[in-house]
Each structure stands twice: as structure tokens, then as C-alpha cells.
Amino acid sequence: MNKNSSNIMALAPNTSNKRETVCIFGTGDFGRALGHKMIQSGYSVVYGSRSTQVSNLIPKDAEVLGHAEAAQKAAIIIIAIQRQHYNFLTPLAEVLHGKVLVDISNNLKLNQYPESNAEYLAELLPGSKVVKAFNTVSAWALQSGALDASRQVFVCGDDVEAKQMVMNIVRALGLTPLDKGSLLAAQEIENYPLQLFPMWKFPMFLSLGLTAFFFVYCVVLDIVYTYIYEKNDFSFFIAITIPNRVCPVMALILLALVYLPGIFAAIIQLYRGTKYRRFPNWLDKWMLCRKQLGLIALAFASLHAVFTLVTPLRAFASWRTSKGIISQALNNKTEPLNTTNAWLSDSYLALGILGYFLFFLLGITSLPSVSNNVNWREFRFVQSKLGYLTLILCTAHTLVYGGKWFLNPSAYKWYLPDIYMLSLIVPCAVLVVKFVLIFPCVDKPLTRIRQGWERNPKHSE
Amino acid sequence: MNKNSSNIMALAPNTSNKRETVCIFGTGDFGRALGHKMIQSGYSVVYGSRSTQVSNLIPKDAEVLGHAEAAQKAAIIIIAIQRQHYNFLTPLAEVLHGKVLVDISNNLKLNQYPESNAEYLAELLPGSKVVKAFNTVSAWALQSGALDASRQVFVCGDDVEAKQMVMNIVRALGLTPLDKGSLLAAQEIENYPLQLFPMWKFPMFLSLGLTAFFFVYCVVLDIVYTYIYEKNDFSFFIAITIPNRVCPVMALILLALVYLPGIFAAIIQLYRGTKYRRFPNWLDKWMLCRKQLGLIALAFASLHAVFTLVTPLRAFASWRTSKGIISQALNNKTEPLNTTNAWLSDSYLALGILGYFLFFLLGITSLPSVSNNVNWREFRFVQSKLGYLTLILCTAHTLVYGGKWFLNPSAYKWYLPDIYMLSLIVPCAVLVVKFVLIFPCVDKPLTRIRQGWERNPKHSE
Amino acid sequence: MNKNSSNIMALAPNTSNKRETVCIFGTGDFGRALGHKMIQSGYSVVYGSRSTQVSNLIPKDAEVLGHAEAAQKAAIIIIAIQRQHYNFLTPLAEVLHGKVLVDISNNLKLNQYPESNAEYLAELLPGSKVVKAFNTVSAWALQSGALDASRQVFVCGDDVEAKQMVMNIVRALGLTPLDKGSLLAAQEIENYPLQLFPMWKFPMFLSLGLTAFFFVYCVVLDIVYTYIYEKNDFSFFIAITIPNRVCPVMALILLALVYLPGIFAAIIQLYRGTKYRRFPNWLDKWMLCRKQLGLIALAFASLHAVFTLVTPLRAFASWRTSKGIISQALNNKTEPLNTTNAWLSDSYLALGILGYFLFFLLGITSLPSVSNNVNWREFRFVQSKLGYLTLILCTAHTLVYGGKWFLNPSAYKWYLPDIYMLSLIVPCAVLVVKFVLIFPCVDKPLTRIRQGWERNPKHSE
């Protein structure tokens, strides 16, 4: 998949009227791919290489020269070589003086070196203007044009002019530059492509831990207890019954954890009487991963929905149904419809459906393309009003599910509560405090604080 | 813009190696957040403030001066103060003469003042060039970098050069400027962040009204009627049974209402013999909210699907099943499989599944990021061909559901038809007229009219 | 819908300070819509037309002149006339010398003419600089502002400066220009709006063909066989039972076909000992439509899920349940719970649910707006690790479904295997080979080859 035929076709013979010349040091995959793309966009490209022998992989219209000669031909030099080989550039310091050097390198590990590659390059060649760019784009994506993963190119550098020149190239290649400030940002930019869902790490570990705990808790209460006291082997509950108990519990707790930090923030602001002091670190971090917590909660809720819907297809369910019907038939009687049961079962289901429906809507509005198309007021309306309505419906769904079992001693095996009772603690607490917070006597000072008012405006001097 | 002013300007002779200096009047939340972001992007920022005492909240690298001195230092002044205080700027008219003033203010209510804030500012300071911008961005979003809600910055102003300068700043901050024309557009831009889903208002009210009507209709026929004539208390039908009757009816009617305005437009164009006359206002508005109608219809269809799937889990359903089986068992006989019933039930379900599946595909293609990746022909193909196929399948689903009940007198309680019959009126009408419209003798003149042909081309002179 | 009120409002009285003048040849729909939008963005627009009589459809602030006079007023001329009339431009060659001509034309069929319209125009007027642009935007979208289908404007041309001028106009109109290189790319750009899901063609035909084959296979085995040997009329199986057999089979096969080309590529690279030789054409094409294959597989899997979930609602299902229960009741006995069956049924369902869940996640990450927000490593992690996990779960789901029937002779009607057995061939093959490929002794050389190492580095000279 090296050379894409359509690219070659579009390589222009527009001799008269070219964009500036760009030099690329290094003829590796990325150097070649970038050169190809640049020639296509109208730049002249000259490669700096140890061997000036022309490989058939290098784009046809590009020149290949020694490093020094190549560098002299252009104002911008793209350093497409690995950090280990940067020191060979020091002898070229004079030629590279005043030139724009674009560092595109990536490391293999997070924080592999004490300083970023770009800063290292700037130290080696203090006379050159180093700009970090292109490290988030892959050679394959450049060549195939399939920029599925990202069109954004982070750019940083200490020289504004040099940065502008590089950003113009980025734009000409059909990519979107994003200015990240001075070269100090290079470390962050170099770490970016090595990250694997950093925002998801804490929510994932939290939910894995909680899931494991609740799973074991359920296995003990539902399988071990039954086996010991009733001699029934319900080990197959591990496949569906227990997951379908753990999923809704996790969904409800995580959804409540999305709204808990907002409650804490409100209390802290009310207590301090100002919004101009930073929240504690743990709260800041928690608030930044609310979206991830919410999406994981949605995943658990979806699994709960599907696990519930397949219930009638299970061998266990049809066995239980038959047993009930046959015992009625053998007793020659038909039980009348219990209206209370019908009300409980239907309202339990209806609350769950509506809660899940709103939850799903919340999930859709967190898709980047949808949230880009709403204004700030609409976004807040959906995420806060609709979010709390979802939490209320889901909590009510769990309460109705519990129904009359709350006070029934047979529901407490080994004196332990069922997990759905545990799951109600956080959401009920959130809803009660939120209910207090919307009382006018609490809401008014809070709103004023959030608009900038301070109870005790000493600190800002 | 022929000499690519943005590039040239940005490759500026900004000697010391900074971008230009920008002045910000006002040290409130937004002023501080914007200043912070601008310093990060390489601008020099100077604040104009009443008290030049440096607060610890103001970005470290920014200067704080009196208003007049600060204004003299920059060509662009960002007015981060509220409209009520604009009149204090009039004494500064001389200093501000010829400068670019960026109005970033928002109001608290739609159309709060007769003229927009930006126009008011331009009236106060006729010698300055006023540009409206940044009002859709929140301070919090600027600071946290979490620009989830919107990266778009609407810009308008009467002076093209001033507008360009502001748009360059917008781009440098990593946001996307969108030129909305002259300062007359400021009113619209100022109203934008105050709107709450304006396109959804009419579709929402319409569907709420219809839903309420059908809900009451069903309660009367299914609960009240049964209670009066059969003495059965089926009040729990309110939770699931009746919603599951109303949802499909609403979904079908709203889906048909998506295609009805297209039918009207075709008839009007055929009648007038030209496409160069405006449609009546109500039709224009209707056509603009088709997407919203379709998405609400999809929501109802989704609810219908879930309500249907939970049926076997309901206490009522299992009671009814038991009753049927036990009565068979007590009579010592097994009913044979009724093939006609099996056909009806299976084809009814299959039509519904396929219809919903296509409907869901339509919904996915209306996601902004998906519709941005298809060309015009593909978009029309999906929205029109696939849309009509969906309407046909869903109508057929309802017809098969009705089955042999259409002519059965017992289906007409109190001589009123069941709501599924009411729901069939609009879609059947749409499909019949559409069927007529695709006949060649009607389709040909319509196509010619849509390509610009006029039966009676007087009007255009 | 000719004149949009918001457009009129924004038409500016900014007399003093205009952007450059642009000339538009032709006063058809697109010419008018473009002119309108340009005036709104601050350009002066002058129309070149045969009749200089001012139609009331032409934007008010635009001038209408003869072609030659109009062309003299502007550096950029937009040719909004059809290709058939291009030859009338030859007499104007002198006036148009050195001007930028923007070709916006589209054809009615793919490859209608031997050369692209833009190249034809460039041949006719060799002294002018031809740029291709705007052909993917519709007049209606320009006027209504509803750029749902696409904001991207492909631009190509041999003159870089002329291209820059056109791209600046594109940006000023709020659209996104994408430089496609020299005028040789015009053919491709002109074909673009005529395409109807070109990447979907092969995957669609493949899946339609396979679906038809499996459908007939199932009809023969399930309906014809039963009718001949058991005299039962199960023709209604066509509606749900058979689709629900074909869908999972198709989903599993297509999902395996997504990962098969990667396996082939690895084997070819291992065999050749280098990555610097092109794959055979069929493999390249196959790899480029993996996303489409995956999404079709997801559609089949979704249909399978819904078809399965409606099972308890079918008349056939309730008849079969009643029959089983009644026969037990008449024999006066209750069958005990078969734990093995419960295990099989539950784990079969759980595997399917988890597999589908991961599959759905894969589908979400292929949404353009989601994949734009992940970095390359994250994208690969999801598409490869999660993808293989999905394939493993779905294959296991099918294996457990088969269960003990694999070796049961009664499962082979007419000595033909059931289709779920056929569906297992490709995924099992993929998983086995992949398992071999991750052994260190195979994985190490492969990784080195993919990092650029060559076993036999002759070819590059």
C-alpha cells in the first residue's frame, strides 16, 4: 500500500508556480509519506540523506542531496530521524542557523527521556527555531488519505513566525493545526500518541473494582447460600442472573457518581462563600471524568436492558413458568389477576424504560458531533435537567423493584442486604442534597456566588 | 483577501517575537479567561481596569493599566464589560478612534433591548470599528479547554479588515470563526446562546398535544369502557399497555408528517408551473423542521419497540398465558397450530423489525458527522428512497396488525375506531399521492420544473 | 424558498470597506445562490450575462453587465454555465487572459466526457488559470444554510496562487476547502458528487449474494424437507425463523472477512520478508472496504438480536410452549430443572450479549466524530484488540449454540450441514491462523518487517 495511484496521478507538472521549498532529513517511512503529500500540495521537496542514491521509494519529483546541501535549499527542515541520531546534526549547526526545524519524532514510552525530543533538539541547535508538529499523524494515514483517527496536528514552538510557517504547511496538507503554545508543551504533545484513553483509566478501574466486589457478593448470597441451605445447584446463575443484578447496580451507582461532585462543589462554594478558590485536586479530577463515568454507566444500563429482555428465552425461565402453570393445573384452579402485582410490575418496567430512554439521549448528546451543534445553554439543559430526571427515574425504578421486600426479613440472607439496597445509598443521598440545594434560601446565595459575588472578598488582593 | 492577508498578517514583522498586543477592558471572569488563553497563544495582553491594583486572579504575564493607557497600547480592544456600563466608554472616544472594538456581551433575555449590544456600542463610538465575537463561548470552556459545547465563534462587523483581525485571533485560540456578515447580524448572534432548541419547539408541542389526545382517547376506550361494561379494573394499563398503543401511533403519524410537506410542495409547483415563487410561510417552516419531526418519530418508535419487547416480562402477560394454557389443560385438549395466525403474527413482527431497522439507519445518517461524510446524492438517496421505504414498511406493519379487525364491529367500542385506524389516515394519504406523483405523466413535468423550466415564464422580468 | 429572510437582513451596507470584486458568468440557480452568499460575506459581485436586464431573482446589491465588461471588473471569474456552452468563452480569451476561472460544473453521468470539464476549459483558454471548486455544494444548501450534506469543498488547479485565492473565498463563505492537487484531479472531483456509496458497492453485493444463497439453503432444509418428510406446513418460517438463522450466519462470516485480509497481509509480508512491495490489487481493495464489511456485519447482528428478542411474542412460540406444558400437565408430572441445559442456554445467551455489546462499541468508534477524537494508538487498540475479542465471543456463541448437535446425525438433513456449521469455517480459520501469528517466533520477524526491516534488501536500489 506504499504508493496510492491517485496520489501519483495528481502530482503536478506545475513547474512555473510552486509553493516554497521544504527540506526533509531522513528517507524513512514518515519522511517519504510526508514528502509525497507535500509534493501533491504544490511544495518543492528536497531530501537530505546520507546516501544520495535515489531509491525508487522516494517520490519521483523530489531531489535527494547530502544533508548540508539540502538544508541550504529551504527555510524549513523537517527532521524525520530518530532522537538517538540527533547528535549527528550538531556539525550542521552553522547551516541550520536561523532555519525552522520541525521535530516530528515520537518516543516508545511515556516520559522516556527527561526532556522532550523537541527541547533536546533546541538545546543541540540553539541557533535554529524548533517547532514540534506532525507527531500525531501516522505515515500510513498520510499516504492512504484515510485520516480516520485524527486530522488534528498539535503544533508548539517558541518562535511565533516559525510556528505560523509550519501551521500553514499543515493547513495546505488538508489537516487542522492546533497551537499548543511554547516548546514547553512539546512533552505533552509527545506523550499524546502514546496515551491509551487516559481519561478513562480511573473510571475503568473504579467500575472494574466495584463490579468484582458486587459479583462476589452476589455469588455468595445467591449461589453459595442456596447451595448450603436449600441444596440447589444454581451455579448457572453466573452467566446471566448475577450479571443482570450487578449491571443495574453499577449503572445506578456510577450515574449517581456523575452528579455527586457537582453537589460537593456546591457545598464547598457555599461554605467558602466564593468561587474564586480552587477546588481540592481530587474534586477537580473527579469533575473532569464525569462524562466517562456517565458513559460507563450507560454501558452497564444497556447490558442490564438486554440481559432482562432475554429472560424469557432462558431454559431456567421456561422451566419456572411451566412449574407454576402445571401446579395450578394439577390443583384444578386458575389464580385471578392480582392487580397490585400488575401495577408494581408494569410501573417498575415503565420507569426503567423511560429512565433508560433518557439515559440513551444523554449518551447521544455526548457524541462530539452532536455536542458541537448545540449552544452552551442547550448543552447544560440536557446534561443537568435531563440528567437529574434520568437519575430520579432510575432510582424510582429500583425502589419500585424492591417494593415490599425492603422490610421482609427473608430478603436478608446471612443478615446481609441485597445489592439493590446498597445501590440506592449514593443516588438517594445525591437526590436529597440536591433537593435541599434547590430551595430558594440555598439556591439564591449559590447563584450569586457563581456569578462572581463573594461573601468575604478579602482574598483577591 | 486576494493576497492571503491572513498568512501575511500572521507572518508579521512582530519584531520581538510575540504576536501583537491585545487590550481587554474589564477583569471579570470572561476577560480573565480570554486573556489567559491569548497569552498562552503568544499574544501580549494588557488589561484596562478602574483599579490598576494587580489581583492574583489576573494572568501573571499581563499588564494592568487604566483604560486610556491600555487602549493606546493595542489596535484591538476587547470590551469585556456589561452593556449597562458601555456609556463610560464615551469619554474615551478619542483614544478609541479607529481601533477595533470587540463586543463579546450577552443579554439575559431574548431581544432584551431594541438594538443589539454591538450596534449600541457602534452608535456610542462611531469612530471605532465594532466587531461582534466570542459571545457563544463560555469562560469556563475557555479555561478548562473542554470546548464540548461549541468551537464555533460567530463573527460579524461592518469593517472587513477589522473582522479579519478578529477572526485571526479566533483561529489562533484554536476556535473556528464563522463570518455572519455585517453588524446587522449581531442581534441574531446575541440571541443565539439564549435559544433553547428553537427548531424543536413546534415539533415538540405538536407531539405533546397529539400524545395527550391519544392517551386520553385510549384511557377512555380501554380502561373506562372495560370498567363500565365488563367491571374489570385495568387501570394498570396506564403504565405500559396504553403507552405502547400511543407510541406507535405517534411514530407513524409523525413519520408521515415528515413526507407530507414534500407532497404539498410538489403539488404547488405543478399547479404554479414554476419553482421560482416562494412557498407559503407555513410550508417553509414545516419543511425546515422535518428532521426534528423525524427524530421525534424515531424516539416514539424506539419506545414502542422496547415496550413491546418487555411484554413477556409483565405480570399481566404471564397471568394471561397461564389462564389460556390451564383452560386447555383442564379441557384435556391441545389446540393445533393455526398457520394463518402464525403467518399474521410473524409477518407483522417482521415488517415492524425491518421498518424500525431502516428508520434507525435514517436516524444515524442525520448525525452531523455522518451526514458530513456523504455527498449530496447519497444524502438525498438515503433521506428520500430509504425514507419512503420506511414509511411503506411501517404502514404495512400497522395494516397487518389490524388484520381482520378492520371490519369487526366489536373493534368499535362506543362506535369509535381504535387509534391504530386513526394513525393510518395520514401515511396512507401520503403514500397514495406519492404513488400518483411518480407516474411518468406527472413526474416528467415536475422534474422539468425543478430543473428550472417554467410553464409561464412571465414573472421573472 | 428563494430568498431567505436572514440573508436579506445580513446583506451589508458596508460601502466603504468591501472585499474584492468577484465576477460570476451565468445567472442560473447556482450562480445566483453563490452570488447571494458572497455578497453576504462582504464581496462585491458582478454578473456576466447575455441579457443585462435585471431579473428580480438576482441579488439586489449585484451588478449585471455583459460578459466582457463584467470580466474586466474582477480577477476571479466563476463560470456558472454548463460545459456545452463553454465554447462561447473563446472569443473572450483576451479579456480572460491571466484571470482565475473557477469551474464549478458537474456532469450528469460518471466519466461522461473523455477529459474533465475543468481541463476542457483550460484547453479552451490556455491563458487563464483554471481552478476546479464548489461542484460538491448544492445551490439549495448554499441558500438555506443547511449544509447538512457537506461543508467540504474540493479545490484543484495547476496555479498555486489562483488556488489560494479560491480557497480564501471558500473559507470566507464558511466552508472548508480541501486542496486536491493539480488540475489532473478534476476528473475525480467531478465524479465525486455522482457517486452513490462507491465503497459500499462490493460489500453490499457480496452480502446480498451470500444472504440469497443461505436463505434458499434454509428454505430447502427447514420448509421443503419438513413438508416432504413430516407433512407439516411451516411456510411462515420465511418471515422470522429463517431470517433469524441467516442474519447471525451473515454477521459472523462478514465479521471474519474483516479480519481475514489482515491475516493474508501478514502471511504475504512474512513470505516476502519486506513490507516495501505492494499487495496484490484484490487485497488492497479488500482492506479498504473492511469498515463497510464490519458495519454490514453489525447490521446483521442487530437484526439477529431483535429477531431473537421477539421470539416470545410469536404465535408459534406460544403454541409450542403451551403444547409442552399441557403434555406435562396431562401426564401429571413436572420435569425437574436440567442444570446442563440451563448452563448451555445461559452461557449461549451471555456470550451473544457480550459479543454484540463489543461489536456495537466497535460500530460507535467508527463514527467519524468519535474516531476524530481518539489518537492512532487508541484507534488501533479498539479496532484490533476489541475486534478480535468480538470475533472470539461471537464464534464461541455459535459453537455453544451448536452444542451437542455437531455429531448428531439427525442434524444433517439430506446429509447437508446446518448453516451455522458453514458459518464457523471462516472465523475458526481466522482465529487459528491469528493464534499462530502471535507466537513470538512468528510475531518477532513480522514486527521487525513492519518497522522497515527487510530480509533481502535488494529491491530498493
Side-chain angles (χ1 to χ4, degrees), chain A residues 1-3 6 9-14 17-19 28-29 40-42 53 55-57 136 138 141 148-152 172 174 192-197 233 235-236 239-240 243 299 302-303 306-307 309-310 312-316 318-319 321-323 325-327 329-330 367-369 372, chain C residues 156 158-161 163 178-185 188 276-279 284 287-288 305 308-309 311-312 321 324-325 328-329 332 334-335 337-339 341-347 349-350 353 356-357 361 366-381 452 460-461:
Chain A
M1 201 124 53
N2 279 354
K3 286 170 207 156
S6 86
M9 204 199 73
L11 288 177
N14 34 357
N17 201 322
K18 281 259 185 192
R19 275 173 177 152
D29 280 356
Q40 212 187 326
S41 302
Q53 201 183 355
S55 147
N56 62 0
L57 289 163
T136 53
S138 81
D148 261 346
S150 187
R151 274 174 211 277
Q152 277 193 341
Y192 178 76
L194 297 169
Q195 286 171 341
L196 197 60
F197 300 109
D233 174 14
S235 59
F236 63 89
I240 290 191
S302 304
L303 280 175
V306 181
F307 274 124
L309 289 175
V310 299
L313 302 171
R314 295 173 60 196
F316 175 64
S318 62
W319 169 79
T321 310
S322 314
K323 212 178 84 173
I325 295 176
I326 292 168
S327 77
L330 295 184
L367 280 175
S369 70
N372 281 340
Chain C
C156 78
D158 287 337
D159 187 286
V160 173
E161 236 177 89
K163 208 154 58 175
L178 203 71
D179 191 337
K180 298 288 274 185
S182 81
L183 211 55
L184 288 166
E188 197 193 319
Y276 294 118
R277 271 164 67 199
R278 289 198 58 175
F279 291 126
D284 260 4
M287 291 184 98
L288 284 174
T308 305
L309 289 175
T311 304
T321 309
I325 296 177
Q328 285 181 50
N332 257 346
T334 319
E335 279 174 17
L337 177 63
N338 180 336
T339 319
N341 266 356
W343 257 112
L344 272 180
S345 116
D346 277 13
S347 55
L349 290 168
I353 290 170
Y356 181 70
F357 178 72
L361 276 190
S366 75
L367 280 175
S369 69
V370 176
S371 58
N372 281 341
N373 278 284
V374 299
N375 69 34
W376 198 250
R377 189 174 165 220
E378 292 164 346
F379 188 71
R380 258 191 337 212
F381 173 82
S460 69
E461 292 159 27

Proximity breakdown for C:Thr308 and chain A, heavy-atom pairs closer than 4.5 Å: both
Heavy atoms of C:Pro312 and A:Pro312 approach each other most closely as CG-CB, 3.8 Å
Cut-off 4.5 Å, heavy atoms of chain A, and the answer for C:Leu367 is side chain
Chain C contacts, top residue of A:Trp319, A:Phe316, A:Phe307 (heavy-atom pairs, under 4.5 Å): A:Trp319
Roughly how far, to the nearest 0.5 Å, is the OG1 atom of C:Thr339 from the CG atom of A:Asp233? 5.5 Å
Return the minimal non-hydrogen interatomic distance between C:Ser345 and A:Ala315, and the atom names on each side. OG-N, 3.1 Å
Residue among A:Thr321, A:Leu313, A:Leu330 with most heavy-atom pairs under 4.5 Å to chain C: A:Leu313
Return yes if some donor-acceptor pair links the side-chain N/O of A:Arg314 with the main-chain N/O of C:Asp346 below 3.5 Å, else return no. no
About how many Å separate CG of A:Leu196 and CZ of C:Arg377, when rounded to the nearest 0.5 Å? 4.5 Å
What part of A:Ser235 gets within 4.5 angstrom of chain C, counting heavy atoms only: side chain, backbone, both, or neither? both
Go through A:Pro243, A:Gly28, A:Ala329, A:Ala299 and name the one with the most non-hydrogen pairs under 4.5 angstrom from chain C. A:Ala299
Per-residue tally against chain A (heavy atom, under 4.5 Å) across C:Ile353, C:Asn341, C:Asn338 peaks at C:Ile353
Which portion of A:Ser318 sits near chain C, non-hydrogen atoms under 4.5 angstrom: neither
If you measure from CG on C:Leu349 to CG on A:Leu309, what distance do you get to the nearest 0.5 Å? 12.0 Å
